[in-house]
Q: 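Provided herewith is a single structure, encoded as structure tokens, for subsequent inquiry.
Order of the sequence lines sets the chain letters (A, B, ...), proteins ahead of strands, with each chain counted from 1.
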Amino acid sequence: MSQRLAKEYRALSKTLGRDPEYAYIISLAPVSEENLRKWESLITGPPDTPYFGHEFTLQIEASEAYPLEPPKVQFQARCMPHCNVDFDSGRICLSVLDAAHWTPAWDLLHVVHAIWLLLASPEPDSPLDVDLACLVRAGDRSAHNSLIAYYLNGGSRGHCGHVSER
Amino acid sequence: MDSCPICFESLSKGACRLVECGHKYHFNCIRRWHYHSKNLQCPTCRIKSRHLEDIERKVTINLAEFSDANLAISEISAQMGSLEIRSNEVRQEETRWNLDSLECRLCGESNVRTNVFCQECHTAYHEICLRTLHLEVGDFSRCVACCNCHHIFGSSSREPPASREHLARFLTERPGLHAARTHPHRSIRAPTSDGFEVVQSWRLLSELQEKCCLLDLSEHKRKIQAHVRKVLNAHYSKGSGAIATKDQYTEINKAVSRNLYRVSDNKYQPDKFDYDVEALRLIAIELRKTG
Ligand SMILES: [Zn+2]
Ligand SMILES: [Zn+2]
Ligand SMILES: [Zn+2]
Ligand SMILES: [Zn+2]
Ligand SMILES: [Zn+2]
């Protein structure tokens, strides 16, 4: 099972850039080829969301027990305003990343994809950002989206997710 | 060729199938997952599986019963006799599969055959995992105890003090041992330069113990055979007519002794068996066969 991350890495080089489903993934690779347990991914926000046109970095760490245990994944700190993300730390609340819900049949690509889908469908029932969760729960989509856009464009929470040049 | 959804390697070898949903994995991969997740859900479809079919060996096991391994082990340990006596007879075909598939209580793996079974609580171990653990907690004695019920394997009476001293010296003199102690499992799975000496020392120790076992075994056999010879000599002395040739004498001696080893579990148990009476009975049977 120690070869599994190497296998994923090899498979990804074929999938990424070819499969249009994952066109939003700019990169998903180990930080250094020396240590396949630490990965980073750069993704663009999903269309029809305030995240669209912005890029975000995910930091991924697989334990020695991977894939029996889920990888630890988080956004770069203070970059992702989202009701299921702790803004200050970048920590993500997502059931597939829970040991109780994880299955070894998933790989890092699945995980990144699940997180990307979460950007488009926030779950206000397990919030890490109460303000945003309240707006989602109240059904005030436009207030929710404009608050996120405000943060992403350098609003008072600090700024990180920069506007893409493309 | 399909690949295993857990390790992504080819399923050409060691494949098995969850009977309820049909999803295929390597036996070791799915069992490691069961062990890790503490439930029997299929990683692909989450259907709870009850049966696992080993495709190569065409064996289906009931996972619910097998999971706690107790059932399988109690069946096996009944045939194993005691830990010290590892005769070839335990490697009977019908037990082989179970033995190969039991997981070590310490490392949870079944890739390497577990070779220590606690008869008190029916728990399986790799000898090396158990010994490494003892080493880790600073117990250098040759006696190892079950981590679950603390039953002591083997008897202390045959512990050669020399090897214990040898080991203690070995352990204190070697550099790199600290690393091996803090990462006991590393030294088990792939002997690195750190763990290698520990592995070597245990190998040495196991060899010693193996030798002891063989000596012991032959001691038991020798005592049993003495009864057979005594009875043979008393009732069928050469020239009495019943046994014609020296070869016949040897053949009967061998066959009867073998039978007696088996019925007494390779142990000389004079309190349980009247070897003289048993020998006499078996000799009569042999004679009827050859005569
Ligand atoms: Zn596998
Ligand atoms: Zn399944
Ligand atoms: Zn272990
Ligand atoms: Zn083990
Ligand atoms: Zn025990």
Q: May I ask you to list the residues in residues 3-11 of chain B that approach chain A closer than 4.5 angstrom, counting heavy atoms only, ordered by number?
A: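 At a heavy-atom separation under 4.5 Å, chain A is reached by B/Pro5, B/Ile6, B/Cys7, B/Phe8, B/Glu9.
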
Q: Is the number of heavy atoms from other residues, nucleotides or ligands within 6.0 Å of CD (A/Glu33) greater than 12?
A: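 Counting neighbours around CD of A/Glu33, 12 or fewer heavy atoms of other residues, nucleotides or ligands fall under 6.0 Å, so no.
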
Q: If the contact rule is any heavy atom under 4.5 Å from chain B, which residues of residues 93-110 of chain A qualify, in numerical order?
A: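 If one takes a 4.5 Å heavy-atom cut-off, the residues of residues 93-110 of chain A near chain B are A/His101, A/Trp102, A/Thr103, A/Pro104, A/Ala105, A/Trp106, A/Asp107.
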
